[in-house]
Amino acid sequence: MLWNRRFVLDLVDGQRAFAKVAAFDYTGDWLRQEHAAYRALAGEPFLPQLLGWYDDGEHPALVLEDLSEPVWPPPWNAKLRGAVLDALERLRRCDPPPGALEMTTWRTELASWDAIAEDPSGVLGLNLFSRTWLDLAIESLRHAESDAPLEGTDTLHMDVRSDNLCARRGAVLLVDWNWTSVGNGTFDVACWLPSLESEGGPPPEHVMPDAHPGFAALLAGYFARHAAMPPIDEAPHVRGLQLAQARPALRWSARLLGLPPPDPR
């Protein structure tokens, strides 16, 4: 079972389309927020074409142009990385869609090092770092996390990963707009970088040399804490993705904070 049911449609005029139908109450709300983003950002070059929308109050459906032909990374190269940065920079300058989340909400959701300090057993079981390293690093990580400059007036996608973007004629198209937010737009870039490195891309400093240490600490704690949680029945791949992103995010945090590298047991 998936978060949303997904279909590729063959239309009577010979074209193809992509549709997704919400399967649960919360994914229905996500799909409505995504539809609001498509309407508000219509015409932007990073946005796929919206073809249709249906909402019966229970199982809303969103229909988009088919994106089977564009290139979906990985692999990554400098041109594709640059196109992602161009798309996010343009998005920052857009007016946010109605209902966009405030980054104060995300701070509460993302902050994790207090919870890890209180009960590190689950995270230590992932073999990301030893208890000795955690004891050494925890105060620096907690302080940096709380100091992350999330507030602002930019528009953010908040889920930039390779499975949410593709390239067509040199431009990047972003999909899955259910977490569109308002805040410091540079955090959108930071959120992407652990995923990028985990897929063979460069370390985060190569793309974002002036990143605030709080971004890395916030992401490292979030990915590590959630990777240790039980699998999600509707999306069993998520914990593995979070673990893959936790590793580079932790290394990035250590470098920015002047800590020794995380030492798996």
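We use all heavy atoms of the structure for the numbers below, so side chains are in, but hydrogens, waters and symmetry mates are not.
Between the side chain of S198 and the backbone N or O of Q245, no donor-acceptor pair lies under 3.5 Å. The closest donor-acceptor contact from the side chain of T105 to the backbone of L101 lies at 3.5 Å or more, if one exists at all. Side-chain atoms of W72 come within 3.5 Å of backbone N or O of L67 as a donor-acceptor pair. In this structure a side-chain-to-backbone donor-acceptor pair under 3.5 Å is missing from E151 to G183. No donor-acceptor distance shorter than 3.5 angstrom exists from the side chain of N164 to the backbone of D176, with no hydrogens or angles considered. Judged purely by atom type and a 3.5 angstrom limit, S68 has no side-chain atom pairing as donor or acceptor with the backbone of D66. Using modelled atom types, one side-chain atom of R239 and one backbone atom of P230 make a donor-acceptor pair closer than 3.5 Å. The backbone N or O of A144 lies less than 3.5 Å from no partner atom in the side chain of S146, so there is not a single donor-acceptor pair. Using a distance-only test at 3.5 Å, with no hydrogens or angles considered, a donor-acceptor pair links the side chain of H59 to the main chain of A22. When atom types are taken as modelled, the side chain of D188 and the backbone of L156 share no donor-acceptor pair closer than 3.5 angstrom.
Side chains of S162 and E199: a donor on one and an acceptor on the other come within 3.5 Å.
Taking CG of D163 as the start and CG of L241 as the end, the distance is 6.5 Å to the nearest 0.5 Å. Note that CZ of R16 is 8.5 Å distant from CD of E69, once rounded to the nearest 0.5 Å. Note that CG of L51 is 5.0 Å distant from CD of Q49, once rounded to the nearest 0.5 Å. Here CZ of F223 is found 9.5 Å from CG of L218. Values are rounded to the nearest 0.5 Å. Taking CD of E118 as the start and CH2 of W113 as the end, the distance is 14.5 Å to the nearest 0.5 Å. Between atom CZ of residue R251 and atom CD of residue E205 there is a gap of 10.5 Å, rounded to the nearest 0.5 Å.
Of all heavy-atom pairs spanning P203 and R255, the tightest one is CB-NH2, 4.0 Å. In terms of heavy atoms, L134 sits closest to P120 at CD2-CB, 3.6 Å. What you find for A40 and P98 is that their closest heavy atoms are CB-CD, 4.1 Å. Across every non-hydrogen atom of A87 and F46, the tightest pair is O-CD2, 3.8 Å. Heavy-atom minimum distance, L257 versus S140: CD1-O, 4.0 Å. When every heavy atom of L219 is checked against every heavy atom of A190, the shortest pair comes out as CD1-O, 3.3 Å.
V172 is not listed as a side-chain neighbour of D86, based on a closest heavy-atom distance of 4.5 Å or more. Here the side chains of L196 and W76 are in contact, with some heavy-atom distance below 4.5 Å. Looking at heavy atoms from C-beta onward, L165 lies in side-chain contact with P73 at the 4.5 angstrom threshold. Residues M158 and W106 meet the side-chain proximity criterion, which asks for heavy atoms closer than 4.5 Å. Contact of the H212 side chain with the F187 side chain is not registered, since no non-hydrogen atoms from C-beta on lie closer than 4.5 Å. Counting heavy atoms from C-beta on, the side chains of L193 and F215 never come closer than 4.5 Å. Looking only at side-chain heavy atoms (C-beta outward), D154 and C94 stay at 4.5 Å or farther from each other. For the pair W133 and L124, the minimum side-chain heavy-atom distance is 4.5 Å or more.
Under a hydrophobic-cluster definition in which Ile, Leu, Val, Met, Phe, Trp and Tyr are linked whenever side-chain heavy atoms come within less than 4.5 Å, directly or via other members, V238 and V123 are assigned to different clusters. Residues V160 and V182 are members of separate hydrophobic clusters, defined by side-chain heavy-atom contacts under 4.5 angstrom among Ile, Leu, Val, Met, Phe, Trp and Tyr. Taken together through direct or relayed side-chain contacts under 4.5 Å among Ile, Leu, Val, Met, Phe, Trp and Tyr, L250 and L256 form parts of separate hydrophobic clusters.
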Q. Which is it for Y222 and E109 under the side-chain contact (heavy atoms from CB on, under 4.5 Å) test, yes or no, and what are the steps along the way?
A. CA-CA 8 Å; Y222 175 83; E109 171 69 20; 4.1 Å; yes
Q: Apply the test salt bridge (Lys or Arg N to Asp or Glu O under 4.0 Å) to residues R142 and E145: give CA-CA distance (whole Å), side-chain angles for both, the deciding distance (0.1 Å), then the verdict.
A: CA-CA 5 Å; R142 291 167 84 169; E145 175 184 74; over 6 Å; no
Q: Walk me through it: do S253 and L141 pass the test side-chain contact (heavy atoms from CB on, under 4.5 Å)?
A: CA-CA 8 Å; S253 299; L141 291 165; 4.0 Å; yes
**Q.** Verdict with supporting geometry, T155 and T180, side-chain contact (heavy atoms from CB on, under 4.5 Å)
**A.** CA-CA 7 Å; T155 301; T180 314; 3.9 Å; yes
Q: Take R39 and E34 through the test salt bridge (Lys or Arg N to Asp or Glu O under 4.0 Å) and record every step on the way to the result.
A: CA-CA 9 Å; R39 287 178 58 87; E34 186 169 4; over 6 Å; no
(Q) What verdict does the salt bridge (Lys or Arg N to Asp or Glu O under 4.0 Å) test give for R90 and E44, after you've listed the backbone C-alpha separation in whole Å, the side-chain angles of each residue and the deciding distance to 0.1 Å? (A) CA-CA 9 Å; R90 183 165 182 130; E44 291 293 339; 2.6 Å; yes
Q: Would you please test L173 and R168 for side-chain contact (heavy atoms from CB on, under 4.5 Å) and show each step?
A: CA-CA 7 Å; L173 299 171; R168 181 172 61 193; 3.5 Å; yes
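A side-chain contact (heavy atoms from CB on, under 4.5 Å) with P264 is found for exactly one of N127, L128, L126, namely N127. Residue H35 forms a ring pair (Phe, Tyr, Trp, His ring centres under 6.0 Å) with just one option from W53, W177, W30, and that option is W53.
When the shell of 6.0 Å around CG of D95 is examined, it contains 12 or fewer heavy atoms from other residues, nucleotides or ligands.
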